[in-house]
Every structure is written in C-alpha cells, then in structure tokens.
Amino acid sequence: MSLRFQALNYLSVDNNETSVPPSLKVTSIFGENVFTLEKARSFLSDEGYKSLVASIKGGKKIDRNMANQIAAGLRQWAESKGVTHYTHWFQPLTGTTAEKHDSFFTLKSDGTAIEEFDGAALIQQEPDASSFPNGGLRATFEARGYTAWDPSSPAFIMDIGTGKTLCIPTVFISYTGESLDYKAPLMKALEALNKSAVEVCNYFDKNVTKVTPTLGWEQEYFVIDEALFNARPDLVLSGRTVFGHSPAKGQQLEDHYFGSIPERTYAFMRDFEQESYKLGIPLRTRHNEVAPAQFECAPIFEEVNLAVDHNTLLMDVLDRVARRHRLRVLLHEKPFAGINGSGKHNNWSMATDTGVNLLAPGKTPKTNLMFLTFFVNTIKAVHDYADLMRASIASASNDFRLGANEAPPAIISVFTGQYLSKVLADIKERVGDKFDEQDEAILKLDLHRSIPEVMLDNTDRNRTSPFAFTGNKFEFRAVGSSANCANAMTVLNTIMAETLKTFKKDVDALIEKGEKKEIAIMHVIREYIVASEKVLFEGDGYSDDWEKEAEKRGLENIKTTPKALDAMVSPKAKKLFESNGVYTHPELEARHEIELEKYIKKVQIEARIMGEMATSLILPAAIKYQNTLLQNVKGLKEVGLDAGTYGPQKYILEKISSHIAIISDKVVEMIEARKKANALTDTREKAIAYCDEVKGKYFDVIRYHVDKLELMVDDKEWTLPKYRELLFLR
Ligand code: ADP
Ligand code: MG
C-alpha cells in the first residue's frame, strides 16, 4: 500500500487519542522557564543582580568577576529545574535557530566529576560553526566566529522533546567583529533609532532619554496531518507542494475563516500556547485564517529585540509541539498553490521612556505635532528607501506570495487611512511653502482639531497595502511567514533613524534662520509630505490598475528576489547602513551574497524534487494507467467492436500520453537549464538564471501537466496525498 493510503487509513482508524493539555491559568505558568529579573533577584547576589540590571537597562559591560557570579546563579536556577545542559542560542542567517549543547558536567584536574558553568562560558562561546553561511566574510577576515551573550534577552529553558536545556540568547560574530547573524545588526539598528528619535523627541519633551521600537508580529501557519505530510516528499524537503491540483472545494466558501477550530488542532494550539507562556511569549490571539487548515497567532507587542527572539522561539516551539500531536506546521509562505499564502505582519511603533507611543495621536496641539512628526517621518523613510524595504522581505518562498492576488504586491506603498490622508492633504494645502501669519493659527487650532485622539477605526482598514497605518502603529504586511522579523526590522529602524536625523538637521536649519521651533517643524513636515506623496496609496493594492498607476508614479515593482536584493548593495544603502553603524560595506556585500546563495539553493532543491517526483512517482502512475487503457482499447478493437465503443478511452489515452511526453521532455530540459545555471560563476547571474531559466521556464509548465494527470489517472494509482486530503482531513 502506498504511503498515501497508509496515511489515510491511519487518519480514519488511529486518530482519536488526541491528548488535550490541562487548562492552566496563564498567570500561573507565564515565564516559568525564563530567567526573569524576579528570578535573578533571588538567585543572584545584590552585586550580581545590580550588574545584570545595569547591563540590561543601560547596556553596561559586565566584568569577568560579575559574570562568574551571574553564571553561578543561572546554573543554580537551571539545575533546580532539572537542567543538565546549556547552549548559546543564536539566529544564524540560515533562518532557523542554532544551538550547540554543552554539559555543565566537567572533570577537575584530579579526575573528580563536577558541575560547572563559569562566566567565560556564559559570555562567550566558540561554536564549531564554520558551516553557517558567512558570504565569504570569515574567509577574508577570520576563520571562526563566536557567540556573545546578549543580556537584554533573558535566558530560558527549552523543555520540549527530550531533555531540558538552558538557552542563552547570543549574537554571532566573527573575531574581527563582523556580524554573522540576524541579531547583531538588529541591535545596532535599534540603537541608531534610539539616538535619532530621542533627539527629535526632545523638541517636544526634554524628559525623553530613551526611545524603544516596539513590534507585535502576527504569525500565520498551516497545520496538516503528519502521516500525510510524510507521504509528500516535496513538503518534507521544501516545505511546499510543488504539485497538486486545486480541490473541488477550496476556500471559496470562506467557511474555515468563520468556523470553529478543529478539535485536534485546538489541542495542539492549547499545548503550544502553554509552552509559549512558560517561555514568556505573551500570546494573546488565535484564530482561523481564510484558507482551510490555516491559522494565526499573535502576541502582545514587545520591544523589538525581545519580540524577534520570541517569534524565532515560537516558530521552533510550533514545530516541536506539532510533532507531539502527530501534526506538522508549515511556515512556508505558499505551501499550496491557489490557496492563500501565509504572512507575518509586523506591527511596529516606537515608545518613549516617558510612556508615550510616538505613533499614537495625542490630545493637545503639541502632542499632535509630535505624532505628526513621527508619522510623516515614517512615510518619508519608506518613500526614500522603498527598495530596501522590498529587499528586506525578499526570499525564494516569499516570491510565491508577493504579487500573487491574495498577498500584498511587490510594490511598496503606504496606506494612511481616510482621515489622515485628509490631514496630510490639509497640511500641504494650508501651511503652504511660505512662512506667514497663518502658521501660528494652524498650529494652535487646526492641528489640534484635525486629529481625534482615538482613531482606531476598524472599518478604515486596507488589507491590500504592504505597509499600513492602523491607528497607533504601522503594519508591515509584506513580511513572509517563515522570515526572521529581524531583517525587516533592521531595515525599518535604520531608515527611520536616518530620516529622523535629516529631519533634525532640516528643522535646526530653520530655527537658526530665526523661525519658531514649532513653526519650523510644521514646515519641514509639510515639505516631507510633498516629497513623499507618490508612495501614498489608499486604493486596492491587489488590482491591475495599481500596477499601472504605480508604474506611472515611478514606483518600483520588482517581483523576484535576485533583483530585489540589488538594493542591499547600492551606494545609497551602503552609505545609509554605514553612517548609522549597522552594517559595514563588507558586511552588506557578504549578506547580499548569502541571500543570493540561499535563493539559489532553495530553487535548486525544488527543481530537483520536481524532477524526481515527476519521474519516479507521477510518470509511473500515469504509465500504469496508460497501459490499462491501452489494453482496453486494443481488446475492444480485437473483438471487432467499432470505433464508437473505444473512442472515449482512446481519447483519454491520447491526452494522458501527451501529458506524459511533455512532462518527460520538460524534466530533461529543466535539468539542462540547471546545469547551465550551475556553470555560472557570478552569484547574482546564477540566481537570476535559476529564477528565469529554471523556475520561470519550467516550474509552472511541469506542474500544469502533472496536475492534469492527477485529475485523470486512476485515483488508486496516485501515490501523493491530494490537496483535499492535506487540507481537509485531520
Ligand atoms: P488588530 O490589528 O488585529 O485589530 P491590534 O490592533 O490589537 O489588533 O493589534 C495587532 C497587533 O499589533 C498585535 O500583535 C499587537 O500586539 C500589535 N500592536 C499593538 N500596538 C502596538 C504598538 N504600539 N507597537 C507594536 N505593535 C503593536
Ligand atoms: Mg493585523
């Protein structure tokens, strides 16, 4: 029996022992497996605790002696929870997390066995990580990289699967200081933003000394049965189905969106939520998405650094817990053709240490001017660096989603909502480009009146915009579900840092000329509105009209990753990242190279899977059925029946034979195209060849004919689980 039928059998017989986790109060388990400050308080000496707090709050360096104390406290806590191993947990550019487990256990020089974890082991590790992607960086600089403790993200215990491990969040860098992971540049970008945002805040409030960007992500994912998953080599190896005809029923009824969560999935959700709570991930919402078997979860927003760690951790938890329930979570952006893809909306704002959300409209003219400042600067930043925003979300898997008709387009635009677009138009019109008597009145009265304090209006939402204002935050919707948010957040916070710096210069220049501060700010705001008008779009982002309109406006619409990535290494990008201390030029070049290589590998793997599945699974099934038909037609002819009786069979036979021929030819041609691409030495050219010559020329064609066969070949002979089974059975 083929795996497909074994899986179907298993689903109907063996599947009713769903273990529902006990209902626990969230507050009773929240943060249980996290070394929170509260726990630090009881496990550390006064000195050790103070040093840890100073390093978290003010980025102060921890000395070796203190590190020893903190490490001892950490070990004590971890051992009290049954932990025997620890690992430096980091986020390499492969997109998953990495761990290398070491035991607390060690031998003293006289051979006595002891448990030990000292400051050196806490602060720095040298994982044997030479096989992580480095874009040639370490070859040029240093042979090895090391992981360094990031005290701003608390240590935690991973307790899913076998064994408990103390995980220490770290950044991964080369010996000469180049970042090799997602976290190091992100932290630099957050610091850059902090600096320029504080300076701008001080126009309005001298008490602000720190600005922290915030992130609330929304994670979409699919859940399918494990046995069915295992019967699909494409899902196992690439995370998406390279073949599969749309089911008779897809998502057109939208009944899944409004429906209740299926029981087995519900048990899984409760389970992963509880594990997440223990890890301090503040999940709050869960619901069904539009596509069958698609779901979403979202936490309460946090500081970007922590939110990124929590999302990365959650993706890991989802995968581990799903296996306990014999389910599989698909984080791929487009696991099923013709069915909605998955995104990861990044809700972003900035908060001051005085407790103000800088993207929330205020009560008074002054706070509204501050809101408008940050609001308009964000629009300007996106306008000026739209190409980098696009590059920050580019990946082989997100290419299947962006620009497709249920996902944001590859064109970067900003949605502000009806109300604020009126306000912006108003400012442009009334403030004008001249400084005059009216300015004072506009400042005092109109700015106050024009923006209501609470603007969270759910009806005024544009679901088709890649970057939308939603009342008190921007929502970067084009981020892919499998992505590490750090990439998008590094870019967004850096371009914002840069724009705010320029804003400060522009305002100061006017003040120096003798303009009043507020008037100067209002005029620069106006200038920025005018300068970034073309990126504002309130209409339907999924429509063809928008593509045409965007082209007229001169907005870019880059649909494929290899070209979208060019923006990373443009002179403009290099200047931006260098002057904000986020990436050096070699770091950018290296990252660009790594992204291109990742792209090539992903497409290469898919091409191989397609070829192999077509030849070893699809064609044999089709040929078997072809033979049956052949026998049938021959037999009918032999006994002397006329063409009317074997005509229909002959017709099917011809069709099947033609699909078989095309698939077989195209697979051979695709292999040739791959060989040609492989021969190219320039990484960018190779990536483009994989994109245009391999994927572009063959994926859809081969799939088309395979999917046609799926509809014709005897169902008994078809060995791959079909969409209707993958999506509707659980
Ligand atoms: P929705 O947009 O679905 O109506 P919410 O507005 O409550 O729901 O929030 C959506 C997401 O935005 C949540 O993940 C939430 O944590 C996040 N969010 C809310 N406020 C902020 C903020 N100031 N900064 C960052 N994220 C935020
Ligand atoms: Mg949302």
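We count ligands from 1, going down the list as the structure has it; atoms in each ligand are counted the same way.
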Verify, without hydrogens or angle tests, whether Ser196 (side chain) and Lys501 (backbone) share a donor-acceptor contact under 3.5 angstrom.
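A pair under 3.5 Å: no.
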Using a strict 4.0 Å cut-off to heavy atoms of [X], name the atoms of ligand 1 that fall inside it.
X      : result
Ile300 : 16 (O)
Asn357 : 23 (N)
Thr214 : 22 (C), 23 (N), 24 (N), 25 (C)

Report the C-alpha distance between Arg286 and Glu273 in whole Å, list the side-chain angles of each, state the deciding distance to 0.1 Å, and finish with yes or no for salt bridge (charged side-chain N to carboxylate O under 4.0 Å, His left out).
CA-CA 9 Å; Arg286 67 161 97 97; Glu273 282 168 359; 2.7 Å; yes
Phe537 and Phe415: aromatic ring centres closer than 6.0 Å?
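Ring centroids of Phe537 and Phe415 are no less than 6.0 Å from each other.
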Does any N or O atom in [X] lie less than 3.5 angstrom from one in ligand 1, N or O only?
X      : answer
Lys473 : yes
Phe301 : yes
Glu218 : no

Is Glu527 salt-bridged to Lys428, cutoff N-O under 4.0 Å?
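Lys428 and Glu527: not salt-bridged.
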Thr312 and Gln91: side chain donor to acceptor below 3.5 Å
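The criterion, which ignores hydrogens and geometry beyond distance, is satisfied for Gln91 and Thr312.
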If hydrogens are left out, which of Cys297, Pro282, Pro299 has an atom nearest to atom 14 (O) of ligand 1, that is, the closest non-hydrogen atom?
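Shortest heavy-atom distance from atom 14 (O) of ligand 1: Pro299.
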Which atom pair, heavy atoms only, marks the closest approach of Pro169 to Ala155?
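Taking Pro169 first and Ala155 second, the nearest heavy atoms are CD-CA, 3.7 Å.
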